[in-house]
> 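Sending over a structure as structure tokens; questions will come in a sec.
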6 protein chains.
Amino acid sequence: MTQHQETVFVVSAHSADFVWRAGGAIALYHQKGYRVRVLCLSYGERGESAKLWKQGKTLEEIKAKREAEARKAAEILGAEVRFFDVGDYPLHPTKELQDAIVQEFREHRPKFILTHSLEDPYNADHPRVTNFVLECRILAQAEGYPSDHAIIGAPPVFLFEPHQPEQCDFKIQAFLDITPVFELKRQAMECMEAQEHLWEYYTAVAKRRGSQAVRNGGDKSIVYAEAYQRIYPTVGSELV
Amino acid sequence: MTQHQETVFVVSAHSADFVWRAGGAIALYHQKGYRVRVLCLSYGERGESAKLWKQGKTLEEIKAKREAEARKAAEILGAEVRFFDVGDYPLHPTKELQDAIVQEFREHRPKFILTHSLEDPYNADHPRVTNFVLECRILAQAEGYPSDHAIIGAPPVFLFEPHQPEQCDFKIQAFLDITPVFELKRQAMECMEAQEHLWEYYTAVAKRRGSQAVRNGGDKSIVYAEAYQRIYPTVGSELV
Amino acid sequence: MTQHQETVFVVSAHSADFVWRAGGAIALYHQKGYRVRVLCLSYGERGESAKLWKQGKTLEEIKAKREAEARKAAEILGAEVRFFDVGDYPLHPTKELQDAIVQEFREHRPKFILTHSLEDPYNADHPRVTNFVLECRILAQAEGYPSDHAIIGAPPVFLFEPHQPEQCDFKIQAFLDITPVFELKRQAMECMEAQEHLWEYYTAVAKRRGSQAVRNGGDKSIVYAEAYQRIYPTVGSELV
Amino acid sequence: MTQHQETVFVVSAHSADFVWRAGGAIALYHQKGYRVRVLCLSYGERGESAKLWKQGKTLEEIKAKREAEARKAAEILGAEVRFFDVGDYPLHPTKELQDAIVQEFREHRPKFILTHSLEDPYNADHPRVTNFVLECRILAQAEGYPSDHAIIGAPPVFLFEPHQPEQCDFKIQAFLDITPVFELKRQAMECMEAQEHLWEYYTAVAKRRGSQAVRNGGDKSIVYAEAYQRIYPTVGSELV
Amino acid sequence: MTQHQETVFVVSAHSADFVWRAGGAIALYHQKGYRVRVLCLSYGERGESAKLWKQGKTLEEIKAKREAEARKAAEILGAEVRFFDVGDYPLHPTKELQDAIVQEFREHRPKFILTHSLEDPYNADHPRVTNFVLECRILAQAEGYPSDHAIIGAPPVFLFEPHQPEQCDFKIQAFLDITPVFELKRQAMECMEAQEHLWEYYTAVAKRRGSQAVRNGGDKSIVYAEAYQRIYPTVGSELV
Amino acid sequence: MTQHQETVFVVSAHSADFVWRAGGAIALYHQKGYRVRVLCLSYGERGESAKLWKQGKTLEEIKAKREAEARKAAEILGAEVRFFDVGDYPLHPTKELQDAIVQEFREHRPKFILTHSLEDPYNADHPRVTNFVLECRILAQAEGYPSDHAIIGAPPVFLFEPHQPEQCDFKIQAFLDITPVFELKRQAMECMEAQEHLWEYYTAVAKRRGSQAVRNGGDKSIVYAEAYQRIYPTVGSELV
């Protein structure tokens, strides 16, 4: 197969989300030969950097630190990363951001897109980004939307697992086996020095999802998995 | 691939359901080399044979006629068919039927199972069968359930499209391209002489689902499709 | 219009339900010239006769008392009533009861059917009856179901308001103006001597629903209303 | 009855939506003697004019073409049409548009309002318009909202069928028989030259809904129907 | 217990909402020794002052009258009240309002927060305020949100009962016994001279909720109650 | 407080469920001075004893082993346990079992009841038991249900966490801090020798729920928690 030029997109509200929630998928698809492009809309500088604020860092220092960490994590996972710095808590996507994301989709033509859940009563930025991404994808499909690039087809969208899935009405529709790349995900997580308490937490999540993946018919070799919800139906000549 | 001995199961409340709702999948998987095993729990003799009753046929004549039609349709599609004759309208699965279905699953080890929707305010037999099938699958997984055959793993279950999907809260999660086999599905539908009004109806449904499949990213060559809802998450090392 | 012979059905789990929940509809349709047929599956002798048990009455005395009260209420409202005495708490519809109800529908051909809500965490008999009634209606539509009477069409089904509607996920889709007949409903309620505490309660419910009916575009003259949920779509050449 | 001056409103995100989704209702209510007023918020110039863009037309040419087509279709159906040209993909209702729609409702006092569905993962403009219309109706009811016209009552709102109803969680609550006017709807659809692929598609939809309407108790003469979801409860002295 | 300095927050879209929907909770918590702080985002001057507009009052007169009434009601209930005057119908929270509410939460550290329901098809301001309040609470928890005050923990949020709870998908999760303070709530309601029709309505609501509270295991002495929906799980070392 | 005679009930479909899902609550309430009564409807001999079947044990041996383990676990947690041996996979509650449970509730008057979730596509016994328990509670409230004991009030019902909560639509409404008793829960889990793979799994679950409990406002000392869903509203004179 010559899928090597194809691009997988990950749209992350804050600069670390892509690591906790989709680090395994990123590493896995990188290893499969895909280009993985992570779009960090903000650095999570206000909402997800408590430790740094407590250390007395300035806003600019925090953003720099968060960017550096995210770059390092992306490198480990094999992803390109682009930062948009639109601010967080609250994160309000602008018209300019919308166009930038549409052009990203037009230019790089996503094989599929990973982003946040549709609901999250603990985090208003996340579902706002999800809805924003869904609309950017729709605009990128429209012949009349101005661009130097051709329209895209209908790439699947997968939602990654929020921190408290039951309260976000998160419905698991796919377990992705990330066992072969888990070590990379762990290393990437450890780049996030300000959120050390989450390393173990998301390792335990991956293990639990791995165990459930086996229970749902997966190979007994699966140890670690990530859970995803699918927005659009699959299409093809196979059901499984 | 040597999937050729693997078996696909279709559990049909009435003897014609498998044709309208899953005829494409059956023909397709037969062509892929799978064994397809259709279990008809009843003949639909009371609830879905209005034309025959109006012709003054007796119950036994109707059952014989419906069986003959279903056998012919199954043959066209490439499926084996087994009839259980438990009666319909209402269809109440018995303890004996439960054991028979569990043993079927144990012996033939389904690659996946197709059956009815979870709700249907127009047809009480359908969701009752769905819940029954889900429980039979669970029993077939239990080490302590008595059988000459080994336990099964966790085969996926797909629900086929009911007659009025919106009122049945049917959620489409997979479009299956049945274009290459649609001619066979049409021929199989035409075996159901008592339900001639449905031939055109389900041809139009297949065309509409085909058109939607393309819209959801399917190949532009898709003309006919069947829609399915999935009960359990997918598991694997690919998302798409 | 010559709708005068048409029959409206009310299926009531316990002998008083039809009064609290549909007394207004019954009186109204009686006045419109319809025949209204109330089917009381049980007397509510165990579950809804606390006061009589505390008075030391026997089961037979309670059933007799409940029947007498229900007959009197039905007379005031203008309804016929038939008792099936299948027992309550728990109320388990039998095969014989099912046939009896199907034959009722076949013989009297309901213009529409009123019954309980789909859920009720405070009362297990109610939703069990609802599902039972929906299935009887389906069976009455089937050409092959044995009967001396012709099959019926597709009569609408309306669910009446449960005691705690929010917890029963009751969705209001129709407000019925019962202002002109409310006095009769009140009189009928007062026949239920064992449940005196409910007279005021359901008068207040009727007033609240009346006030909401006005708010939803009803005539300002509406003072009392009953709320209903609809199971099947309306059909016709008018939307309002 | 002298309902002849009463006005039915159709609020359409893009200039062709009213034809595919409510063309039958429009023609029918026009024939009943109602004034039907269609408000096209945009021309669908960017999102629903792919064929014209591929022909190399400019934005202004496309808008002109879409307006001309919509005018012609409206004329065939018997509707007045007003264009607001707020742009599409994305369609963001402005404060000025809001006031304009409120004043429309105040001046013409809708008998009922038809608009889009509450959800649509394939089209972000549609649900945004639905929520916008619901709010305009609320504002038009408020005594304190500035206007030369009196407040309105509580006109019913019906949602018309989206392109992929199951994925939009569209719940059918009313089938409208459009058989007598279907020929006009077809002619109106054929005005939309840029969307020829949809003529057959929506003819098949109308036929399928017609078949389902009969199944739900409609007259056997029904061949074509449109499906609607209702937002607010009905109110009146009849249930059916 | 020395909870006396703790503050309960009530965020009210319009100046009278806090009285009808949470007047009992306010009086009760005031009597328990809590400080109760009511934030009225608007006066409800356009949307909920019909009677005053009909009397020919000006906008400023109406606002003044509504403020005076609300102040009087708050005083009776024992609450402090702050008005933000951002306008209603439509009520669009501004960036400035957001900061003001975040600072309120930071400074006064809510024990819990009461606000509107998540849905309301009759009132667009209410759910918009609910979502706004939930986001302000999240921002107040963020270390990086600029403020002179320390971050807050995770105060519970309760939604008070909307006017037509079933249509707002309002789920009751807590009945609060307001019997001991109902007389105060009634007096506070009577301050709202422009909405006299609601005094009896909400007295009947309180009585109905009281009766249901007893039915759900409450003390038989309960006569009046208020119903609340909870957004976040409870946490503690007791289940009941 | 003299709550010491009050009884907490745990109804467990299979003999080990009470340990994994409610072991913390049991130990905690035992320590608070409550009597905790565990009702094991079956031994889980067929569905949840795979390891024992693989060892070649007979049905009777397995039941004996499971009973011994459950007794030992109950003893560690401080609970009484009663076995009903109605069989599992499938578990069909009989009329006799229903009466036995109703009499249990009547005699011991539950402070509250813990049982399974409302849905579980992986386990048909669990939701069947939940619905059965809810109905037994309703019957125990009915004055007319025959018994030597007085009727009960309206004890709260809490559902414990199923194995795959997202797929069971499990909604967390309460986190119970089980930190002080977790060591006992771990010891009780270790009694279940046949399900060793679950010891670590449910320790991780408890840790995750503990972490979430803190995030939802719980004391920072919480390390382990259990999650519960509530069926009926709370009632009282406090919201938190």
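Note that this is a predicted model, so its numbers are computed, not measured. Chain letters run A, B, ... following the sequence lines, proteins first, then strands; residues in each count from 1. All values below were derived from every heavy atom in this structure, side-chain atoms included, with hydrogens, water molecules and symmetry-related copies excluded.
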> Check whether the side chains of D:H126 and D:D17 place a donor and an acceptor atom closer than 3.5 Å, and report yes or no.
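Yes, side-chain donor-acceptor contact under 3.5 Å.
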
> Look at B:E190 together with B:R186 and state whether they make a salt bridge at an N to O cut-off of under 4.0 Å.
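The answer is yes: the pair qualifies as a salt bridge.
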
> Does any heavy atom of chain B fall under 4.5 Å from the side chain of D:Q164, the backbone, both, or neither of them?
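Looking at D:Q164, backbone and side chain both touch chain B.
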
> With a 4.5 angstrom heavy-atom cut-off, could you sort out which part of B:E166 is near chain D: side chain, backbone, both or neither?
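For B:E166, the contact with chain D is made by backbone and side chain together.
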
> Any cation-pi pair here, D:R137 with D:F9, using under 6.0 Å and within 45°?
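Output no; distance or angle outside limits.
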
> With only heavy atoms counted, which part of B:N216 is less than 4.5 Å from chain D, the side chain, the backbone, both or neither?
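Interface part for B:N216: side chain.
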
> In terms of heavy-atom proximity below 4.5 Å to chain D, should B:H197 be classed as side chain, backbone, both, or neither?
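For B:H197, there is no contact with chain D at all, as no heavy atom is under 4.5 Å.
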
> Sort out for me which residue in B:F175, B:Y202, B:F182 forms a ring-ring contact (aromatic ring centres under 6.0 Å, His included) with B:Y224.
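Of B:F175, B:Y202, B:F182, ring-ring contact (aromatic ring centres under 6.0 Å, His included) with B:Y224 is met by B:F182 alone.
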
